[in-house]
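Sequence lines set the chain letters: A, B, ... in the order given, protein chains first and strands last, and positions in each chain run from 1.
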Amino acid sequence: MSEIEDFNVERAILRNAPWDEAPVDPARGSDPLWRTLNGARWFRQGDLSRALDCWLPAESDPRNGPLARTWAAFALARVGRHAEALERLTVASHLRGELRCAMGDVAGGLADMRSALAAAPLVEWRALRLAHWLRRVGQPEAAGAVLDQRLTTPALYSVELHQAALEAWLLSGDPERAFPHLLEIERRLPGLARRLVVGFGGFEPAASRLSASRRASARWLRPSLRSLVEDARVIPVSSRESLALRKLFDRRASAPVGVLPGPSMWDALSDAAAFRVFGHCVVRAPRSVQRDVPAMLLFRPGEAPDGPDSKRRDNIYLCFSPNIPAFLWPSAPATPEGLTALLAPYARELGGDDPQLGDLPRTFSLYLGAGNNYPVPDTRNGQLVRLDPMVFSRICAASPFVELPLWGSEHVDDPFQGFVDRDGRDLALATQAHQGMDRDRVRSVSYRLRWSRGIVELSEGPVGYALTVRYRANPHPGSVAAINTRFATEFPDDLPLDAVGVCMHFAGALGFEHLVASVSANATLPAREGWRVAGLGMLGHAGPELDRWLEDSPPGLAPLAAPVAWSYGRLGWLLRLAQHMPQLRQPLQTGPHSEELSSGAASTERPS
Amino acid sequence: MSRTALVRAGDPAQFEQVLRFQGYLLVQVTPWRFSNGTEARWLGPDGTMVTWTEYTWLGRRGLRVWVGPEDAAMQLWSALAEVLSLFDGAALYRGWQEALKTADAAAQLEAFLDFAAWAAMCDASESTTMRTPVFQAALDSADPVLRLAAMRNLYVFTPDRAAVLLAGREDPENPGMAMWRQHYASVHAGRR
């Protein structure tokens, strides 16, 4: 964390800097809005100097100036130019509070931060930052009180809040008030609780036990791993604990609930038994009330030969849930850099962890078919059942790859940003409230991917369903290519591993190019093969792909193509067809999708 | 002020390449909708806004150069015209008039759909003088499908203008006309 933080400002900047979009040389533009947005892209790249080159000249613009000024103040604060940052902030805000504290105006700064927290008392990072500054200015008791107050309401980052409260009360010399927080942390992350009490006088016995325990727990590991457990992000486990954890992976070849890989992957389900856990680590928290469990760090005994002279290094593996098969665990070399590469993509982001759709620039789609064309394994017993939204919901509810809140197509973007499920009922009520469908869009349900934060959507078509994943590039290059090589699958190399975990449930599902190839070879298709045309319509309707296929499709396929064009509102193509098929003229009087006509007045019956 | 063109041919990747080369930023992509497809908006270093529309309703795509210094916008327009086949309103209007001179119903329908898609994508002020004669001629056409196409695309007008265009028309081959006439009349009445 930086010295000065304001996650609201940071999030606002990043939301205007799409993930895959490169910034442009600031000297090339003069328009204030262009400068403001281009600066956000430089900020995303970590080049604050160039971000400021964009923002500072835009500050005088009457329209975009206020935004550019706030963003510039944040960047100036980040690079230590506090006075310049402060002079840009004339209204009380959390950012101004941190800056005033950093510049010695403690009373004014704390007042700013308190008023910002009072305006949004559930925002966890504000409580954490206020407590941070209270501790820093020698008021740990007040910090403990702020955190205790926040913890009276359930929190997403409760471990961080309890940890900060524990430290505040220990610093203020009140172990009695610290102890409940230690118990709460121990309940969630026992290893972390042991580690946290180092160096606090009131907890000397615990501290000495922890030191001994850490040395003991590292002794059973090879040197390359032993150095890793010294890292503050790793909570070491003892040899005995590690042996006990092996039973989590002793599942032989049966699939855990919510994880049903394709047949080629079944034999690999028992891979996990060959690994051993050497540590735990804290990763991003779920938005639902699901238990916030630590991830496991593992190695594979025998993967690298023992001995200090060996050039081959161990690999380390990250397992978020024992239900996830080993071939979906990200891995990296057993080095400090490898550990960072493994953990950084899954670190907790206090300012919000829900990238908007525009920030998920890549797309992967599969046609899942329908009914008997494409049965899928049920999560409860693996038996093949017809896919429908309810079956998909069951898959998602049990899946370790997907987060529970779901939303319907009435929401263009994730409506659960910043959502905290206080007791499970919030989730049920919010999900119910957000399941509506937009009549101007395809019916769909969407879920957030649990680890990569992409979005997976099941959309309903005239025949069957389509699965679409919107994502950022997989942070572990080569991991999906290895899966494709091993199991003869065709997932995109940049697809995140949790997305592979969802898609592998639908082994054999076809992509757009496959469907086009399977249809284009034929001048006609029997009606029972019509699902192929429906499938390519489902996958290609949002862009020109479907139009191109309709333009080029052989006339013999028109009877199959017409319902698809109807389903996706291709009025132009249907009118052209109506010149040769008079029977189309009647349905086209009002359909397709004549939403402006009052319901009941218009017939939008699909053409036969 | 804006200038809109139908893109008849050309690779969207080349469009993107031209814009990125000139320092444009992709600022928004709207999700697909039945009624108006999808749009990608780009912002230029001088404030020029460019919109690329996939107007799937009529199977057309269009390009709109929105605001900004006129000379810069014209330079961009020329650069894009080198890689894309652009047809502005005047060209489409001429194409429509040429098509009317032939007896080719298919060509007339294509020319009409081109113009209707362009009219749906552009600012009303860009097409004011051309829209009414095109739609009037299409509604007066002997081809029932062309009349149907005109009737279904009247949303490019304000409801009162659409109501005026449909007023007094009877079309036994397009029985939906009565419904649309009533619809526009009632929307217009509701707004007054």
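The 12-atom threshold is exceeded at CD of E545(A), counting heavy atoms of other residues, nucleotides or ligands nearer than 6.0 Å. Atom CZ of R15(A) has more than 12 heavy atoms from other residues, nucleotides or ligands within 6.0 Å. Open room surrounds CZ on R443(A); 12 or fewer heavy atoms of other groups in view lie less than 6.0 Å from it.
In this structure, the portions of P544(A) lying under 4.5 Å from any heavy atom of chain B include both its backbone and its side chain. Neither the backbone nor the side chain of P12(B) comes within contact range of chain A, judged by heavy atoms closer than 4.5 Å. Heavy atoms closer than 4.5 Å to chain A are found in the side chain of T38(B), but not in its backbone. Only the side chain of E110(B) has a heavy atom closer than 4.5 Å to any heavy atom of chain A. The contact between Q586(A) and chain B is made entirely by side chain atoms (from C-beta outward), counting heavy-atom distances below 4.5 Å. Contacts of H541(A) with chain B are made by both backbone and side-chain atoms, with heavy-atom separations under 4.5 Å. Looking at R35(A), neither its backbone nor its side chain comes within 4.5 Å of chain B, counting heavy atoms on both sides. Neither the backbone nor the side chain of N16(A) comes within less than 4.5 Å of any heavy atom in chain B. Using a 4.5 Å cut-off between heavy atoms, D547(A) touches chain B through its side chain atoms alone. Residue contact with chain A, scored on non-hydrogen atoms closer than 4.5 Å, involves the backbone and the side chain of R33(B) alike.
For the pair V24(A) and Y24(B), the minimum side-chain heavy-atom distance is 4.5 Å or more.
Looking only at distances, a side-chain donor or acceptor of W34(A) sits under 3.5 Å from a matching main-chain atom of G23(B). Under a 3.5 Å cut-off, the side chain of W32(B) and the backbone N or O of V442(A) do not form any donor-acceptor pair. The closest donor-acceptor contact from the side chain of E21(A) to the backbone of L25(B) lies at 3.5 Å or more, if one exists at all. Using modelled atom types, one side-chain atom of D440(A) and one backbone atom of S35(B) make a donor-acceptor pair closer than 3.5 Å.
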ask   = Run the side chain to side chain contact (heavy atoms under 4.5 Å, CB included) check on N153(B) and L571(A) step by step: do they pass?
value = CA-CA 10 Å; N153(B) 286 288; L571(A) 179 69; 4.3 Å; yes
message = Checking M151(B) against Q589(A) for the side chain to side chain contact (heavy atoms under 4.5 Å, CB included) test, could you report, in this order, the C-alpha distance in whole Å, the side-chain angles of both residues, the deciding distance, and whether it holds?
response = CA-CA 8 Å; M151(B) 181 180 89; Q589(A) 298 295 313; 3.4 Å; yes
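Per-residue counts of heavy-atom pairs under 4.5 Å with chain B were compared for E551(A), R548(A), Q579(A); the largest is that of Q579(A). Counting heavy-atom pairs closer than 4.5 Å to chain A, the top-ranked of the candidates L43(B), L58(B), D143(B), L113(B) is L43(B). Chosen from P144(B), A117(B), A105(B), G59(B), the residue pairing most often with chain A at heavy-atom distances under 4.5 Å is A105(B).
Rounded to the nearest 0.5 Å, atoms CD (E173(B)) and CZ (R585(A)) are 7.0 Å apart.
Across every non-hydrogen atom of R152(B) and P592(A), the tightest pair is NH2-O, 3.8 Å. When all heavy atoms of F34(B) and Y568(A) are compared, the pair lying nearest together is CE2-CA, 3.9 Å. Scanning all heavy atoms of the two residues, the minimum distance from D46(B) to D31(A) falls at C-CB, 3.6 Å.
Chain B is approached within less than 4.5 Å, heavy atom to heavy atom, by V412(A) from residues 408-417 of chain A, ordered by number.
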